[in-house]
Amino acid sequence: MRRLFFLWLALFLSMGASGESRTQVVMLGSGNPNADPDRSGPAVAVVVNDRAYLVDCGPGVVRRAAAAEKSGIAALNVKKLNIVFITHLHSDHTLGFPDLIFTPWVLDREDPVQAYGPRGLKDMTRHIEKAWKKDVEVRQHGLEQANATGYKVVVHEIKPGVVYRDDNVVVTAFPVRHGTWDQAFGYQFESKDRKIVISGDTAPTDEVVKACDGCDLLLHEVYNPEGEELKQEHWRQYFKAFHTSPEELGDIARRAHPKLLVLYHMVFEKLPEEDLVRQVENQYLGRFETARDLGVY
Ligand SMILES: [Zn+2]
Ligand SMILES: [Zn+2]
């Protein structure tokens, strides 16, 4: 009887309080192209039970995952990182891709990486493989005796719609508007206990509203339009076409009505964070937070 109780307790703890599934979002990088030492490049982990699903891999992704594991999130053990959904191919979102391919392999990951993303991801991957060809040869055929599989990448160039499903999640890609990029995606993750939507980089789009529609958590990008740089016409045009202002975000969030809105990829334009927060508060009365690296939502 006692044994049965402990078995039940272990099962309960492993499955989370809902009794079936436990979903968390871990912010691995809340930043953007700016080299902010406190904000790694854009990368998010959706953790469902013992599995981590990455969205984007900005610079710093593997080390931030290691930090999250240290703080108790076992699914972010670097050897377990082997699936990523790329929103678009801007360098701030993909500079950590070689890191994700090679670092866990050097640490003995055996599974190849499954990478989902837009047109051009195959090309990018081929070039990365070529660039580190010598490294692979030396590690595999030299004294390190590295395995022959863990550095490989299976690339899935996707279209909007359901792009992935397993026992934990269904992942749906939706198109977003990111200036002159021919393809950029946001992602919706549906697990047994939560619905999570990640905007990626985007100008305001109803696709986010549709994908969220009362979701538990919406991660959305935002920029501060009051910065000095925005006085120049070409930067104003750029931000308008590529990103979302607080006023636009307010409109999106009111219609998407997430239970919690988390701002990430915040472009502060050298103004204090509070300045951006105040502008969002003026536009949106719902619950929101600003993301921090290693924040858990
Ligand atoms: Zn970006
Ligand atoms: Zn971008």
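For clarity, every value in this text was computed on a predicted model and none was experimentally measured. Start at 1 and go down the list; that is how both ligands and their atoms are numbered.
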ask   = Any N/O/S of H93 under 2.8 Å from the Zn ion (ligand 2)?
value = no
side-chain contact (heavy atoms from CB on, under 4.5 Å) test vs T94 passes for just one of L100, D56, L89, namely L89
(message) I'd like to check Q188 versus C212 (side-chain heavy atoms, cut-off strictly below 4.5 Å). Are they in contact?
(response) no
Close side-chain approach of M27 to V44, heavy-atom, < 4.5 Å
yes
Closest to the Zn ion (ligand 2), among the N/O/S atoms of H178, is atom NE2
For H90, the N, O or S atom at the shortest distance from the Zn ion (ligand 2) is ND1
Could you tell me whether E281 atom CD has more than 12 heavy atoms of other residues or ligands within 6.0 Å of it?
->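 Count over threshold, so yes.
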Rounding to 10°, state the angle centred on the Zn ion (ligand 2) that links OD2 in D201 with NE2 in H88.
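Seen from the Zn ion (ligand 2), OD2 and NE2 are separated by roughly 100°.
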Please work out the angle at the Zn ion (ligand 1) defined by atom OD2 of D92 on one side and atom NE2 of H265 on the other, rounded to 10°.
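That angle works out to 100° after rounding to 10°.
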Check: F189 ring centre within less than 6.0 Å of F85 ring centre
yes
